[in-house]
Amino acid sequence: MEERKGFGSNFGFLMAAVGSAVGLGNIWGFPNKMGANGGFTFLIIYLLLAACCGLIVMIGELALGRKTGKGAVGAYKILSKKFRWLGWLGILSAFLILFFYCALGGYCIKYVVLNVGNLFGAGFGSNGLNGAEVFGAFMGNQMEAVIYGLIFVLLTMLIVMGGVGGGIEKVCSVGMPALFIILLICIIRACTLPGAVDGLKYMFVPGWALEHGVIDKAPDLLTVLSTAGGQMFFSLSLGMGAMITYGSYLNKKENIEKNALLIVIMDTMVALMAGLCVIPGRFALDPTGKLGGPSLLFVTMQNVFDNMPLGSVFGILFYLLVVFAAISSSISLLEVIVAHFCDKAREKGKGDKRKAYSLIAAAAVGVGCILVCLDCLGGAGISPFNILGMNPENGLPMWSDCWLDFFDCISEGILMPLGALLMCLCIGWEIGPKVVDEEVTLEGQNFKLRGFFNICVKIITPLGMLLVLYGQIKDFFF
Ligand code: PFF
């Protein structure tokens, strides 16, 4: 059987895993949710959840992957009778997330190009339009959105085709440190704008957003908890097999516990840093701009760049940063799918057929991405492709406004917390935490968090997950 090639170094693995975790979720989700949900209070709850749920699921996923040496589907098949189907849930989530993630990634590429246009005064720049008008014009141009979305899918596919060591590791080992440096430059620029301090207050001072009318109602504790929990799962790429898949390529001599801890810490750090970059900019230069979601990135931030000296240079840097962040996440999503089919082909002695499977999976992703682009992230309103938008009976909006929300709702809202909950039940109550313990302590490694892990994986994490799941379902559907 052909050898299964993995990461060349622990640094490469760490950069790829952090790359998977750091993405659009950090840039438009975390800072805004933190500000709107009680600032520092949210951060404390987030950190508690990250320690008691995120870290536990991270250690579990990496250990299951490395132990079996298989992607998500193969890993559960080997380990468990009752949960042998669980990996397929991961593949489904990966497809659903990729559909909208690639569409958004395409928009980010478009905004790099737009700012290059602004820098040189070229026709493909803003042409005097403000952020909302540029975004509106782009949303009206479905073909352009589709083309950029497909360029993003193509880039993702090419990297995954290069394999784990050759493609993913190489791109992340360069891209992640670059992202960090660009982020630092953008933070310095944003925090030195006049008025930036209000952004910092919005993010960090409990109750500031309510007192200053940025939000109109104080969120209740369950909402804060489920918002923080949902954000944490999406942000750490957990509950859908991405970390099982990356773990399966990790060398047996590396320390799982330490790596898991580093991934959680770095992801949270970058989320906070992303906040220091986008939120002060918004408060200083576009005080009424949206604080979250696609509009934060594509309207508010563009207005910020339009209103600052040398704005197009910072615009290019910022959107490049977002493209890096998005692509290092999308490759991990595609790898969840491709790894499974490569494993199967290898078992049959047919080589791994990585290129062919990457192409087929990317083609399927392309179809979903086109759908999201055609209804313009929901902006098309009455687009014929937005078949989820209106109830034909009474013309009222249905539970999901558009394909983007629909795919997001099913994957992030339900499948990911459910996947993590079932994984904990599988480890805690079916195969036993010992299986993880043996893998973590291979080659004489220490498992300092053993006691904490055992209690959490059996009781605390599943309870936390249930709460998050309940809150998410309540939020999304009612
Ligand atoms: N963690 C990514 C983000 O914060 O944008 C999203 C993501 C990537 C989720 C990979 C799941 C995944 F497998």
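For reference, positions follow the sequence shown, starting with 1. Both counts, for ligands and for their atoms, begin at 1 and track the order of listing.
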| request: Compute the ring centroids of Tyr246 and Phe7, then answer whether they are less than 6.0 Å apart. | output: yes

| Does a salt bridge link Asp352 with Arg346, judged by any charged N lying under 4.0 Å from a carboxylate O? | yes

| Ligand-side contact atoms (ligand 1) for residue partner Leu333, heavy atom cut-off under 4.0 Å | 10 (C), 11 (C), 12 (C), 13 (F)

| field | Nearest-contact summary for atom 11 (C) of ligand 1 - protein heavy atom, Å | value | Met240 SD, 3.4 Å

| message | Please determine whether any non-hydrogen atom of Glu412 lies less than 4.0 Å from an atom of ligand 1. | response | no

| Out of Phe30, Phe233, Tyr246, Tyr101, who gets a non-hydrogen atom closest to atom 3 (C) of ligand 1? | Tyr101

| task | Would you tell me which option among Ser20, Gly25, Gly90 has the nearest heavy-atom contact to atom 2 (C) of ligand 1? | result | Ser20

| task | Kindly confirm or rule out an N or O of Phe234 lying under 3.5 angstrom from an N or O of ligand 1. | result | yes

| task | Check the pair Lys70 / Glu347 against salt bridge (Lys or Arg N to Asp or Glu O under 4.0 Å), numbers first and verdict last. | result | CA-CA 11 Å; Lys70 293 270 186 276; Glu347 273 163 25; 3.6 Å; yes

| said: Give me the nearest non-hydrogen protein atom to atom 10 (C) of ligand 1 as residue plus atom name, then the distance to 0.1 Å. | reply: Ser237 OG, 3.3 Å

| request: Identify the residue among Tyr101, Phe298, Tyr319 that makes a ring-ring contact (aromatic ring centres under 6.0 Å, His included) with Tyr107. | output: Phe298

| Under 3.5 Å: donor-acceptor pair, side chain of Ser328, backbone of Gly19 | yes

| query | Can you list the steps and then say if Glu430 with Ser80 is a side chain to side chain donor-acceptor pair (under 3.5 Å)? | reply | CA-CA 7 Å; Glu430 200 203 356; Ser80 159; 2.5 Å; yes

| field | Check: Phe407 ring centroid to Phe100 ring centroid under 6.0 Å | value | no

| request: Identify, by atom number and element, the atoms of ligand 1 in contact range of Ser332, meaning under 4.0 Å from any of its heavy atoms. | output: 10 (C)

| field | Close-contact set for ligand 1 against Ser235 heavy atoms, below 4.0 Å | value | 1 (N), 4 (O)

| query | Hey, which atoms in ligand 1 end up nearer than 4.0 Å to a heavy atom of Leu24? | reply | 5 (O)

| query | With a 4.0 Å heavy-atom cut-off (strictly under), which part of Ala21 contacts ligand 1: side chain, backbone, both or neither? | reply | backbone

| task | Using a strict cut-off of 4.0 Å, indicate which atoms of ligand 1 neighbour a heavy atom of Asn26. | result | 4 (O)

| field | Donor-acceptor under 3.5 Å (Ser237 side chain, Ala242 main chain) | value | no

| Counting only heavy atoms not in Phe180, do more than 12 fall under 6.0 Å of its CZ? | no

| said: Under a 4.0 angstrom heavy-atom cut-off, which atoms of ligand 1 come close to Ala242? | reply: 13 (F)

